[in-house]
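Below: one structure, written as structure tokens.
This is a predicted model, so every value here is computed, not measured. In what follows, chains are A, B, ... by sequence order, proteins preceding strands, each numbered from 1. For the numbers below, each heavy atom of this structure counts, side chains included, while hydrogens, waters and symmetry mates do not.
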Amino acid sequence: MVHLSPLLLKQYHGGHVVIRLALGGCTNRPFYRVVAAHSKRARDTGHIEQLGSYDPMPNAHNEKLVSFNYDRIKYWIGCGAHPTKPVSKLLGLSGFFPLHPMTVTNAERMRKSPTQTGEASPEEGDEGERQEV
Amino acid sequence: MAAFSVARCLFKYSSQLSNVDKKSHILHKCARRMLCSASSGGSSDGRKPQFSDEEVQNILTNITGLDLQKIFRPIKQELKPPTYKLMTDQQLEEATQRAAEVAKKQLKMPPVLPERKPINDVLAEDKVLEGVETSKYVFTDITYNIPHRERFIVVREPDGKLRKASWVERDRILQIYFPKEGRRLTPPPVFKEENMKVVFLQDRHEDILDLCLVQFEPDSSEYIKVHQLTYEDIDKQGKYDLLRSTRHFAGMVWHLVNVKRIDGLLIDMIQRDLIQDAASLVHLYHMLYPQCPSAIEAKEQQASGIELLKIFAKKESQKTGYIELALEAYQETTLESSA
């Protein structure tokens with residue numbers, strides 16, 4: 001039996017409310033819940049309110065399903081909650097926040113590096129063929 | 001003894017009808033919201049009469065009829081031991097009246113709406129995000145108190161485009177987050193054309209229309225297609241009685257009047273001695289097409305009943321001979337019964 005009173009009555013020094021992803025699901029099958037929780041709590045337990053969900057595995061239609069309760073997210077941000085980086089990125093992708101700067105940065109980095117490795121590998125392939133011949 | 005059995009039937013099966021009422025209530029709310037921007041006036045405004053006009057609805061309810069034995073026939077449900085009640089004749093009459101009201105609620109017509117227009121809204125184009133992701137992100141707003149039609153469901157494509165979800169995607173996502181009883185994520189294979197033909201051969205038009213009502217939204221293209229196929233098949237084979245006294249009869253009548261093929265239905269009604277229903281059907285036809293020759297002549301002569309049917313048979317119908325034959329047969333039977 002889960003004893004609820006220690007979980008509910010825990011007193012913290014400092015800490016603030018955060019909007020973050022709490023992990024659930026099974027082995028090799030993650031599933032996140034978007035949750036308003038105290039920053040000093042354990043990641044998965046004892047949240048204040050669930051505000052949505054995020055499924056990182058694409059489904060049969062190649063979609064990753066994300067849900068947000070925008071009304072309550074607005075309330076918690078109004079109360080001074082801090083969203084974490086992955087939550088901010090998701091909210092940026094959804095259009096609720098502006099695009100997160102790291103999303104843009106990572107996109108540009110990815111665009112630079114595959115072109116460099118792409119130029120390198122055909123050159124190596126040509127040299128390999130010439131050597132064999 | 002017969003009274004006992006009727007009362008038992010009515011009490012046993014009236015409890016499960018509450019679900020149907022809720023669904024049709026929501027559908028009607030839906031329909032009202034859809035039509036609030038469209039015209040609300042009747043034929044008095046000079047515009048074409050719509051399905052939801054009061055006069056049209058009255059005519060259609062009268063034509064549908066109220067056969068209690070058919071409405072409360074045994075349906076597949078959980079096995080419960082039947083309850084028996086001892087009543088006087090007066091109490092039995094009251095119980096029958098209450099059951100009739102419940103039956104009227106069950107016969108509430110599902111709305112007939114025009115096909116919904118596709119959604120092509122693009123909210124943002126971010127070329128920066130091209131090629132980063134390999135799959136789409138679907139963002140849903142799960143705030144509790146918004147009607148489903150106004151909910152934000154938004155898709156971020158792998159090429160960075162942020163667009164509103166299409167109707168098909170919307171239906172699927174809403175079923176995932178706000179599941180409706182009886183609706184499946186992928187439509188069952190019954191709704192393919194070959195399988196529908198098998199269903200029609202088994203005379204189960206009513207069941208497939210009920211399934212369609214649960215599965216699809218009333219203004220989706222699949223719903224309209226399934227309904228039209230069913231109505232065409234019934235019209236071809238003349239099996240109008242299958243849908244009489246069900247909630248789908250009105251929709252069938254409306255479809256036939258819109259396509260101008262009410263001859264088969266008229267003949268069927270006359271053969272079953274439902275002259276009043278046939279007259280109101282022709283009246284509805286004239287309401288929708290006031291310029292056709294039979295409508296003009298009927299207005300001049302202020303005809304009603306059999307006269308109206310004869311005018312219609314002469315002027316407007318393709319199966320004039322059959323209708324006149326049926327009318328003659330009916331008149332002979334009435335003469336014989338009166339004599």
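For a residue to count as touching a neighbouring chain, one of its non-hydrogen atoms must lie under 4.5 Å from one of that chain's; by this rule Phe96(A) does not touch chain B. Contact of Glu108(A) with chain B is made through the side chain alone, with heavy-atom distances under 4.5 Å. Heavy atoms of Val128(B) lying under 4.5 Å from chain A belong to its backbone as well as its side chain. For Ile176(B), the part lying near chain A is the side chain, with the backbone staying farther off; criterion is any non-hydrogen pair under 4.5 Å. Heavy-atom distances place no part of Ile73(A) under 4.5 Å from chain B, backbone and side chain included. Proximity to chain A (any heavy atom under 4.5 Å) is restricted, for Ile173(B), to the side chain, taken from C-beta onward.
In this structure, the side chains of Asn59(A) and Arg172(B) come closer than 4.5 Å at one or more pairs of heavy atoms. Side-chain contact check for His61(A) versus Glu169(B): every heavy-atom pair is 4.5 Å or farther apart.
Between Met110(A) atom CE and Glu133(B) atom CD the span is 8.0 Å, to the nearest 0.5 Å. Summarising the geometry, atom OH belonging to Tyr177(B) is positioned 4.5 Å from atom CG belonging to Leu65(A); distances are rounded to the nearest 0.5 Å. Rounded to the nearest 0.5 angstrom, Tyr70(A) OH and Phe152(B) CZ are separated by 9.0 Å. Between atom CG of residue Leu91(A) and atom CZ of residue Phe139(B) there is a gap of 8.0 Å, rounded to the nearest 0.5 Å. To the nearest 0.5 Å, atoms CG (Asp71(A)) and CG (Asn145(B)) are separated by 8.5 Å. In this structure, Leu51(A) CG and Thr143(B) OG1 are separated by 10.5 Å, a value rounded to the nearest 0.5 Å.
Put simply, the residue from Leu129(B), Val154(B), Leu162(B), Asp126(B) that forms a side chain to side chain contact (heavy atoms under 4.5 Å, CB included) with Leu93(A) is Leu129(B).
Across Lys64(A) and Ser135(B), no two heavy atoms sit closer than the pair CE-OG, 3.1 Å. Closest non-hydrogen pair, Ile142(B) versus Gly52(A), comes out as CD1-CA, 4.0 Å.
Of all residues in residues 12-20 of chain A, none places a non-hydrogen atom less than 4.5 angstrom from a non-hydrogen atom of chain B.
Within 6.0 Å of the CZ atom in Arg163(B), the count of heavy atoms belonging to other residues, nucleotides or ligands exceeds 12. Atom CD of Gln202(B) has more than 12 neighbouring heavy atoms from other residues, nucleotides or ligands inside a 6.0 Å radius. The 12-atom threshold is not exceeded at NZ of Lys225(B), counting heavy atoms of other residues, nucleotides or ligands nearer than 6.0 Å. Residue-environment remark: CD (Glu194(B)) exceeds the threshold of 12 foreign heavy atoms within 6.0 Å.
Most heavy-atom pairs under 4.5 Å with chain A, from the set Ile146(B), Val132(B), Val138(B): that is Val138(B). The candidate from Asp141(B), Leu123(B), Val155(B) with the greatest count of non-hydrogen atom pairs under 4.5 Å with chain A is Asp141(B). The residue among Thr103(A), Leu99(A), Asp55(A) with the most heavy atom pairs within less than 4.5 Å of chain B is Leu99(A).
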